[in-house]
Amino acid sequence: MGSAVLKLKLGEILVKKGLVSAQQVEEALQAQTVTAQRVGDILVEKGYISRDELGKVLEEYRAFTNLEGTIPGAEDVDLDLAKCFPEKLARMFRVVPLKMEEGALLVASTDVLDLSTLDHIRFATGHNVKVLLTSETFVDSVIERLYSPQLGLLRDVFQEVGRDSVEVVEEEESEISVGEDLAREAPVIRLVNFLIADALAKRSSDIHIEPYGKRFRVRFRIDGVLYDQMDIPLRLKDAVVARVKIMSNLDIMERRVPQDGRVKVRVKGEEVDIRVSTVPTVFGEKVVLRLLSKSGLVFDLTNLGFEEDQLKLFIEATERPYGMVLLTGPTGSGKTTTLYSALVRLNNSEVNIMTAEDPVEYNFEGINQLQVRESIGLTFASAMRAFLRQDPDIILVGEIRDYETADIAIKAALTGHLVFSTLHTNDAPSSVTRLVDMGVEPFLVSSSLKLVVAQRLVRRICRSCRKEYIPPKAVLEKLGIEARNQTFYRGEGCASCGDTGYKGRIALFEVMPISRRIMDMIVEKATADHIRDVAIEEGMRTLREVGIRKAMEGVTTLEEVMRVTA
């Protein structure tokens, strides 16, 4: 059956049909020795024959060999053949092994093979070869199954997810070069859709798509920790990155500099805002997608993790008609959520609330939100100046990064406005000295600042698999705990939490009101350590103390408290 095909060369067939000349075939054969491409593809690239004409010839010979129904499905291919049939050979010649038949290796090809190619395959595999003609779709499916088993196993999942299950809302169409057409093909769209849908199902906040020398890795950040998810075949690297860029309206052809964009998608009826960031690395572009899902999101101060007395202090400070409230902590510690919760509580028709953010993560009716754009001179400081001419009652400035912003924010707090902002410091007392270090006069800090809150996020123990356990002695000693009659818990790992033992997060807060004594210390330029000691004397509980209390209540683990308060 295959021998009839083996006696024929594609070039001879095309010459006999009058579609190309013998000289053109000879030219293609010479080019093949350099490029290792198929003769048919070379003839098409040179313009000697159209892709449609070539396809018709191959279809004729598939019908001639009467192979319909004789080729097994991709799932029936012998996976052990991948060991003796090099992946490079399969991709170069578009030939895949099917099974051993009567002492010969049965292979499927998308093209009529010439004798030199057959000799190459015989030499590489050590077997005589029988050839069946088949479609490119079939060959691609076998290559995925043999050499990209993880992607092959996920094929059914991709089909279930579907091309249109993640709908881009108001996607701006852009011209795509021919080289990026792969990014528009259904398999790549399904793959990106699958990653987004899977990340949302696993409560992920970020998707990291990372190229390395021999890997194209995907990781999800779940409850603040990154977890490996899968490796995508390297050959899909450019197509996956291009698809994400198309969705977020970024420049597909620009691979040398970082880019930032955003896209709104709808997944199972749920709208999700996605912030996209690309960075060129040694092995290609790394892409990070920040998922901002609005499903089930409630900005409620009582659910964030405040202790009862801490919440009372925070609410009292936010109900003042003027003054400054500062939140501090590293990126990803939940400061924005706390600020939004405070603004939602204060939002009503009687007050004018204005915010300057970078970026604006969620939109609220009744709150005037401004996106900072430093590239055009719209900085936090310039936004604050504009706000003060808009008769504001409450101002939120996303972050105090420099003296100019700090100076304007503090003067606004002194002139009858309630000001919220954030700083990047390790604890609450350090925020005071940071403002002074920026150049703000200590007496201005002392007069304007009303409350400082430091916060961290810890993972909650999964309620479905929570069990009692005895913490390691080293952990107890490190935290200074005597656990004689205290019960502690941890999650054993289950399907509900993805075998992590944790599900969801809660905040730890360190709340420091600016008392009269601390005001005097600020004017005297006291150190952060001295201010901390006095604040603790006055009742402030540190982040670690609050964390240990939550561990004793069975909310989180001591190991988690150590991780975030080290």
Side-chain angles (χ1 to χ4, degrees), residues 35 37 41 44-45 51 91 136-137 140 143-144 148 151 154 158 161-200 204 206-220 229-267 271-292 358-359 371 373-376:
T35 65
Q37 289 178 280
D41 290 336
V44 171
E45 286 184 6
R51 178 66 66 182
R91 296 192 187 281
E136 293 206 5
T137 302
D140 286 340
I143 287 176
E144 284 181 3
S148 306
L151 185 59
L154 289 172
F158 296 158
V161 171
R163 177 172 182 163
D164 301 319
S165 64
V166 177
E167 175 188 354
V168 179
V169 181
E170 298 178 356
E171 176 179 1
E172 294 186 23
E173 296 292 340
S174 56
E175 292 186 5
I176 306 166
S177 67
V178 175
E180 304 295 347
D181 282 347
L182 184 60
R184 289 287 194 180
E185 292 183 5
V188 174
I189 294 176
R190 285 197 184 102
L191 174 54
V192 175
N193 287 356
F194 169 76
L195 292 177
I196 294 172
D198 192 40
L200 289 170
S204 172
D206 302 85
I207 302 172
H208 290 242
I209 304 174
E210 305 165 316
Y212 297 96
K214 297 182 180 179
R215 296 183 65 190
F216 190 39
R217 179 176 68 173
V218 177
R219 293 189 291 171
F220 291 170
Q229 297 298 311
M230 65 180 291
D231 280 9
I232 298 174
L234 274 172
R235 63 187 176 83
L236 295 180
K237 178 177 69 173
D238 292 339
V240 169
V241 173
R243 174 56 189 165
V244 175
K245 285 184 172 182
I246 289 168
M247 292 173 64
S248 50
N249 202 33
L250 298 179
D251 186 350
I252 295 173
M253 303 308 295
E254 181 56 77
R255 299 183 177 94
R256 301 164 299 172
V257 298
Q259 295 189 69
D260 295 299
R262 63 189 308 161
V263 60
K264 182 181 291 185
V265 301
R266 188 176 292 112
V267 183
E271 280 199 1
V272 181
D273 286 322
I274 302 178
R275 292 211 312 266
V276 178
S277 171
T278 70
V279 173
T281 70
V282 174
F283 297 107
E285 290 180 281
K286 170 175 176 171
V287 180
V288 175
L289 292 82
R290 167 65 61 88
L291 308 178
L292 302 170
D358 185 21
Q371 170 72 56
R373 290 185 175 85
E374 293 190 359
S375 60
I376 61 172

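- Considering CG of L291 and CD1 of I196, their distance stands at 7.0 Å, rounded to 0.5 Å.
- When all heavy atoms are compared, the tightest approach of G213 to L234 is O-CD1, 3.9 Å.
- Note: I274 CD1 to D206 CG = 11.0 Å, rounded to the nearest 0.5 Å.
- In terms of heavy-atom proximity, P280 sits nearest to R256 at CG-O, 3.3 Å.
- Between R217 and D231 there is no salt bridge, since no side-chain N of the basic residue sits under 4.0 Å from a carboxylate O of the acidic one.
- Rounding to the nearest 0.5 Å gives a distance of 11.5 Å between CZ of R215 and CD1 of I232.
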Task: Full working for side-chain contact (heavy atoms from CB on, under 4.5 Å) between F220 and I207 - done: CA-CA 5 Å; F220 291 170; I207 302 172; 3.9 Å; yes
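- Side-chain contact check for Q371 versus D358: some heavy-atom pair is nearer than 4.5 Å.
- Closest of all the heavy-atom pairs between V188 and A239 is CG1-O, 3.7 Å.
- Listed for the Q259 side chain is a donor-acceptor partner under 3.5 Å among the backbone atoms of D251.
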- [ ] In sequence, state the C-alpha distance, the side-chain angles, and the governing distance for R255 and V241, and then conclude on side-chain contact (heavy atoms from CB on, under 4.5 Å).
- [x] CA-CA 10 Å; R255 299 183 177 94; V241 173; over 6 Å; no
Task: Stepwise side-chain contact (heavy atoms from CB on, under 4.5 Å) check, M230 with D198 - done: CA-CA 11 Å; M230 65 180 291; D198 192 40; over 6 Å; no
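- Put simply, the side chain of V276 does not reach to within 4.5 Å of the side chain of M247, judged on heavy atoms.
- When all heavy atoms of F283 and Y212 are compared, the closest pair comes out as CG-C, 3.6 Å.
- Checked options D273, L250, N249; the residue passing with R262 is D273 (criterion: side chain to side chain contact (heavy atoms under 4.5 Å, CB included)).
- Of all heavy-atom pairs between E254 and K245, the closest is O-NZ, 2.9 Å.
- A distance-only check finds no donor-acceptor pair linking the side chain of S248 to the backbone of V263 [under 3.5 Å].
- With a 4.5 Å cut-off on side-chain heavy atoms, I209 and L195 count as touching.
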TODO: Check the pair R243, I189 against side-chain contact (heavy atoms from CB on, under 4.5 Å), reporting the backbone distance first and the verdict last.
DONE: CA-CA 7 Å; R243 174 56 189 165; I189 294 176; 3.9 Å; yes
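- Between the NZ atom of K237 and the CD atom of E210 there is a distance of 13.0 Å, given to the nearest 0.5 Å.
- When side chains are defined from C-beta on, P211 counts as touching T281, because their heavy atoms get closer than 4.5 Å.
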